[in-house]
A.B. asks: 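I have a structure here, written as structure tokens, and I will follow up with some questions on it.
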Amino acid sequence: TPVIELSNVSKVYVSENVETHALTDINLLIHKGDYVSISGPSGCGKSTLLSLMGLLDDITNGIYKIEGVDTQSLDADTLSELRNLHIGFIFQSFNLIDELSVFDNVALPLIYREKPMSQEEIKTRVNRALSQVEIEHRANHKPNQLSGGQQQRVAIARALVGEPSILLVDEPTGNLDSKNGDAVMAILDSLNQQGTTICMVTHDPRYAGYAKRQVKLLDGTVLQSRDLVSDETREMA
Ligand code: ADP
Ligand code: ADP
């Protein structure tokens, strides 16, 4: 089963009687271990696609399955359960809580789980996630005591701690200088080599090239899907 399966997915926003066709007939399969980049000009639908995949918003038409589960007509509780189970989010702004230590920031997703986890297991999981992004030596720091690159690594650890099926990443280097941006990209690359499935939105062609498959959007449709591993290009337009 694919991790993510979008079949003829469309998204129409309606506000004040104005319809915006943000996405039209999107077909996308993401398998375990994939590293997919989504790129395209501003307004082409990148963020919309990520929020649909992340179960943050409903699709208007089509079928969306995550780990084989059809998400159609599920109630809000079930959707949030699926989200907690399968999705790790990484944003451009790191969205860390300033009052909490690095350790506590990373522990948060585990604390809000349906099924309670023992303190011992939380500790093991958090320390493992921190060491995956090489930031365990900052566990007791507050976010504002860290550089931007370090804060993004903490945010990646928070996304990893629930052992999600897929990391959904939105412009991870947008707030970073090129040195820290490169370091964050290197971490995503090594996570993918260890088996983490990644789907990343970026407008930076250099960073899109880190992915194994590059999907280009234009005006809400897939313009091109290029498999960088086999170097096979499919024109979809
Ligand atoms: P991108 O991330 O590629 O810049 P978006 O997914 O943000 O593109 O937007 C795609 C289209 O949908 C744009 O035309 C945008 O104006 C529109 N759009 C996005 N979010 C909303 C919303 N909440 N309500 C109405 N229109 C929206
Ligand atoms: P990195 O390259 O690992 O992201 P930097 O070289 O930017 O780290 O920072 C070196 C050290 O200075 C870091 O260990 C961090 O704790 C500290 N530091 C960096 N930026 C800030 C900041 N804005 N406020 C407080 N400490 C900072």
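Numbering of ligands and ligand atoms starts at 1, following listing order. Only heavy atoms go into these numbers, but all of them, side chains included; no hydrogens, no water, no symmetry mates.
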A.B. asks: Does the side chain of T173 reach to within under 4.5 Å of the side chain of Y207, using non-hydrogen atoms?
C.D. replies: yes
A.B. asks: At what distance is the nearest protein heavy atom to atom 5 (P) of ligand 1, and which residue and atom is it?
C.D. replies: T48 OG1, 3.7 Å
A.B. asks: Just checking, is any N or O donor in the side chain of D189 or N192 under 3.5 Å from an acceptor N or O on the other one?
C.D. replies: no
A.B. asks: Do I87 and P164 have side chains that get closer than 4.5 Å, going by heavy atoms?
C.D. replies: no
A.B. asks: Looking at ligand 1, does G40 have a heavy atom less than 4.0 Å from it?
C.D. replies: no
A.B. asks: Among protein heavy atoms, which lies nearest atom 2 (O) of ligand 1, and at what distance?
C.D. replies: S47 OG, 2.6 Å
A.B. asks: For atom 16 (O) of ligand 1, what is the closest protein heavy atom, and at what distance to 0.1 Å?
C.D. replies: T20 CG2, 4.8 Å
A.B. asks: For atom 8 (O) of ligand 1, grab the closest protein heavy atom and report residue, atom and distance to one decimal in Å.
C.D. replies: G45 N, 3.1 Å
A.B. asks: Quick one: does P172's side chain get under 4.5 Å of L188's, heavy atoms only?
C.D. replies: yes
A.B. asks: Within a distance under 4.0 Å of any heavy atom of P41, pick out the atoms of ligand 1 and give their elements.
C.D. replies: 3 (O)
A.B. asks: In terms of residue, atom name and distance, what is the protein heavy atom nearest to atom 22 (C) of ligand 1?
C.D. replies: Y13 CD2, 3.5 Å
A.B. asks: Which of the atoms in ligand 1, numbered in the order shown and given with their element, are less than 4.0 Å from a heavy-atom of K46?
C.D. replies: 1 (P), 2 (O), 3 (O), 4 (O), 6 (O), 8 (O)
A.B. asks: Tell me whether K46 contacts the main-chain N or O of I38 through its side chain, where contact means a donor paired with an acceptor under 3.5 Å.
C.D. replies: no
A.B. asks: Which atom names give the shortest non-hydrogen contact between L146 and Q151, and what distance separates them?
C.D. replies: O-NE2, 3.2 Å
A.B. asks: Between the side chains of Y210 and T202, does any donor sit under 3.5 Å from an acceptor?
C.D. replies: no
A.B. asks: I'd like to check which ligand 1 atoms, numbered from 1 as shown, lie under 4.0 Å from a non-hydrogen atom of S42.
C.D. replies: 4 (O)
A.B. asks: Quick one: does any side-chain atom of E121 pair with a main-chain N or O of S118 as donor and acceptor, under 3.5 Å?
C.D. replies: no
A.B. asks: Would you mind checking which non-hydrogen protein atom is closest to atom 13 (C) of ligand 1, with the distance to 0.1 Å?
C.D. replies: G43 O, 3.7 Å
A.B. asks: Give me the residue, atom name and distance of the protein heavy atom closest to atom 12 (O) of ligand 1.
C.D. replies: A22 CB, 3.4 Å
A.B. asks: Please confirm whether S51 comes under 4.0 Å of ligand 1, counting heavy atoms of the residue only.
C.D. replies: no
